[in-house]
Q: 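Below you will find the structure I want to go over with you.
Because the structure is predicted, anything quoted here is derived from the model rather than measured. Keep in mind that the numbers below use all heavy atoms, side chains included, and drop hydrogens, waters and symmetry copies. Whatever order the structure lists ligands and atoms in, that order sets their numbers, starting from 1.
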Amino acid sequence: MNGQVLRMRGVTVRRGDAELLRDVEWTVEEDERWVVLGPNGAGKTSLLSVAAAQLAPGAGTAEILGEPLAEAGATELRSLVGFAGSAVANRVPDSMTSLDLVVSAAYGYLGRFGEEYGTVDYGRGRALLARWGAGRLADRRYGTLSEGERKRVLIARSLMADPELLLLDEPAAGLDLGGREDLLGRLAALAGDIDSPALVIVSHHVEEIPAGFTHVLMMRDGRVTASGPVEYAMTGENLSETFGLSLKVERDGERWSARAV
Ligand SMILES: Nc1ncnc2c1ncn2[C@@H]1O[C@H](COP(=O)(O)OP(=O)(O)OP(=O)(O)O)[C@@H](O)[C@H]1O
């Protein structure tokens, strides 16, 4: 696999007249932690969908975990990539308990289809829920959870199958300040663990980048505007071009903030 978990070359995705992704070049190594930044409609979710083997490029090539997406069985690849985002969140049955939702990921399902999960599966599911601060929600139905609680349960679920690549679409969006800081602390711990998979999170805000994230890819109008190690690529100039307004970026330890100037 060469240490590369993702390799996109000239990736382009079109829907009708719209170009969702345009000539995207991106490589993710197994020990890297990436944040994908960009304004609404930039193509971030489309990019993640290609990385999750859920959307095939119309032009260019995408290799996921060393397998060309065009040749590999997408279903098999999907089971090796952890994914949490609204595309999953919107399909969960309201009546499903948090624990069943997490455990079902071991089998690549979003529901129970009569499988017999074992004690080991349930033990792992409970441990993952606890790790993401959702241990007390194990027996609660998904439909009764708050937005922040759902995020935690879905992240726990995305790790259940021990993925080699983990993709989180806007993990901190919609959380209150305390909830955001708690989640960012847990994501920083995940980023700092050498046994963690390669990580990619999508965000609109530099304030939502957890400590320990090593690389940033910025997008606008389906194109990559900047990409590289955070210490080089996270500049006011790159952010300004990406978001289309004049921005100043500041670093405080391993956290970032930005404002218009
Ligand atoms: N099936 C489709 N047909 C036409 N346009 C589409 C389709 N799917 C997505 N788009 C458009 O492609 C663009 C990129 O969408 P995408 O969801 O990838 O952006 P995003 O960066 O994740 O946005 P947001 O931050 O608002 O979630 C948007 O302008 C969207 O309206």
Side-chain angles (χ1 to χ4, degrees), residues 6-28 33-62 64 69 74 77-78 81-92 147-148 150-151 154-155 158 165-176 179-180 183-184 187 198-210 213 215-228 230 233-234 238-245 247 249 256-260:
L6 262 184
R7 189 166 187 272
M8 297 191 190
R9 292 288 172 268
V11 164
T12 298
V13 173
R14 294 189 186 89
R15 288 287 176 274
D17 291 340
E19 255 186 336
L20 279 53
L21 296 175
R22 233 186 272 191
D23 212 16
V24 171
E25 306 277 321
W26 188 27
T27 303
V28 175
R33 283 81 175 92
W34 282 78
V35 59
V36 176
L37 280 177
N40 289 126
K44 305 179 297 298
T45 298
S46 305
L47 184 74
L48 235 53
S49 300
V50 174
Q54 291 173 354
L55 182 64
T61 57
I64 302 166
L69 181 51
L77 269 181
R78 276 178 215 154
V81 179
F83 182 76
S86 53
V88 180
N90 296 338
R91 286 164 43 221
V92 179
E147 192 176 343
R150 288 180 184 195
K151 296 246 180 214
L154 287 169
I155 295 173
S158 69
L165 169 64
L166 181 64
L167 310 169
L168 304 177
D169 198 356
E170 298 186 37
L175 301 189
D176 66 37
R180 180 188 84 177
L183 187 76
L184 293 186
L187 287 169
L199 304 176
V200 178
I201 64 169
V202 162
S203 180
H204 297 115
H205 302 290
V206 300
E207 290 78 3
E208 292 177 355
I209 302 175
F213 272 64
H215 290 72
V216 61
L217 180 132
M218 299 187 200
M219 299 186 73
R220 179 185 169 100
D221 295 336
R223 292 175 193 257
V224 175
T225 47
S227 144
V230 279
M234 189 74 87
N238 285 341
L239 268 186
S240 301
E241 184 192 344
T242 302
F243 284 88
L245 75 165
L247 289 164
V249 62
W256 301 85
S257 61
R259 63 183 170 82

Q: Starting from atom 17 (O) of ligand 1, which protein heavy atom do you reach first, and at what distance in Å?
A: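 Here the closest protein heavy atom is Thr45 CB, 3.7 Å.
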Q: Any side-chain heavy atom of Ile209 sitting closer than 4.5 Å to one from Met234?
A: yes
Q: Say whether Pro39 and ligand 1 are in contact under the criterion: heavy-atom distance to a ligand atom below 4.0 Å.
A: yes
Q: Looking only at protein heavy atoms, which one is nearest to atom 15 (O) of ligand 1, and what is the separation?
A: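 Among all protein heavy atoms, the one nearest atom 15 (O) of ligand 1 is Ser46 OG, 3.9 Å.
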Q: Decide if atom CZ of Arg223 counts as having more than 12 heavy atoms of other residues, nucleotides or ligands within a radius under 6.0 Å.
A: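 At most 12 heavy atoms, drawn from other residues, nucleotides or ligands, come within 6.0 Å of this atom.
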Q: Can you figure out which of Val13, Leu21, Leu20 has its heavy atom closest to atom 10 (N) of ligand 1?
A: Leu20
Q: Under 4.5 Å between any side-chain heavy atoms of His204 and Lys44, yes or no?
A: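 A side-chain contact exists here, since the closest heavy-atom pair is under 4.5 Å.
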Q: Quick one: look at His204 and ligand 1, take heavy-atom pairs under 4.0 Å, and tell me if it's side chain, backbone, both or neither.
A: side chain
Q: Nearest protein heavy atom to atom 23 (O) of ligand 1, by residue and atom, and its distance?
A: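 Atom 23 (O) of ligand 1 sits closest to the protein heavy atom Gly41 N, 2.8 Å.
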Q: Indicate yes or no: at least one non-hydrogen side-chain atom of Leu166 is less than 4.5 angstrom from one of Ser158.
A: yes
Q: Does any non-hydrogen side-chain atom of Leu55 lie less than 4.5 Å from one of Arg15?
A: yes
Q: Just to be sure I'm reading this right: ignoring hydrogens, which of Arg220, Glu19, Lys44 gets closest to atom 21 (O) of ligand 1? Compare them by their nearest heavy atoms.
A: Lys44
Q: How close does the nearest protein non-hydrogen atom get to atom 19 (O) of ligand 1, and which residue and atom is it?
A: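 Of the protein heavy atoms, Gly43 N, 3.2 Å lies nearest.
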Q: Any nitrogen or oxygen of Ala42, main chain or side chain, under 3.5 Å from a nitrogen or oxygen of ligand 1?
A: yes
Q: So, applying side chain to side chain contact (heavy atoms under 4.5 Å, CB included) with Leu37, which one of Thr242, Val206, Val202 is it?
A: Val206
Q: Starting at CG of Leu183, measure out to CG of Asp176 and round the result to the nearest 0.5 Å.
A: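 That separation rounds to 11.0 Å.
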Q: Suppose we measure from atom 26 (O) of ligand 1 to each protein heavy atom; which comes out shortest, and what is that distance?
A: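 The closest heavy atom on the protein side is Asn40 ND2, 2.9 Å.
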Q: Is Arg9 atom CZ crowded by more than 12 heavy atoms from other residues, nucleotides or ligands, each under 6.0 Å away?
A: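 Yes, because the 6.0 Å sphere around CZ of Arg9 holds more than 12 heavy atoms from other groups.
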Q: Quick one: nearest non-hydrogen protein atom to atom 27 (O) of ligand 1, plus distance?
A: Glu170 OE2, 3.7 Å
Q: Under 4.0 Å from atom 30 (C) of ligand 1, do we find at least one protein heavy atom?
A: no
Q: Identify, for atom 1 (N) of ligand 1, the protein heavy atom at the shortest distance, and state residue, atom and that distance.
A: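 Ranking protein heavy atoms by distance from atom 1 (N) of ligand 1, first comes Arg15 CG, 3.7 Å.
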Q: Under 4.5 Å between any side-chain heavy atoms of Trp26 and Leu47, yes or no?
A: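 Trp26 vs Leu47: side chains touch.
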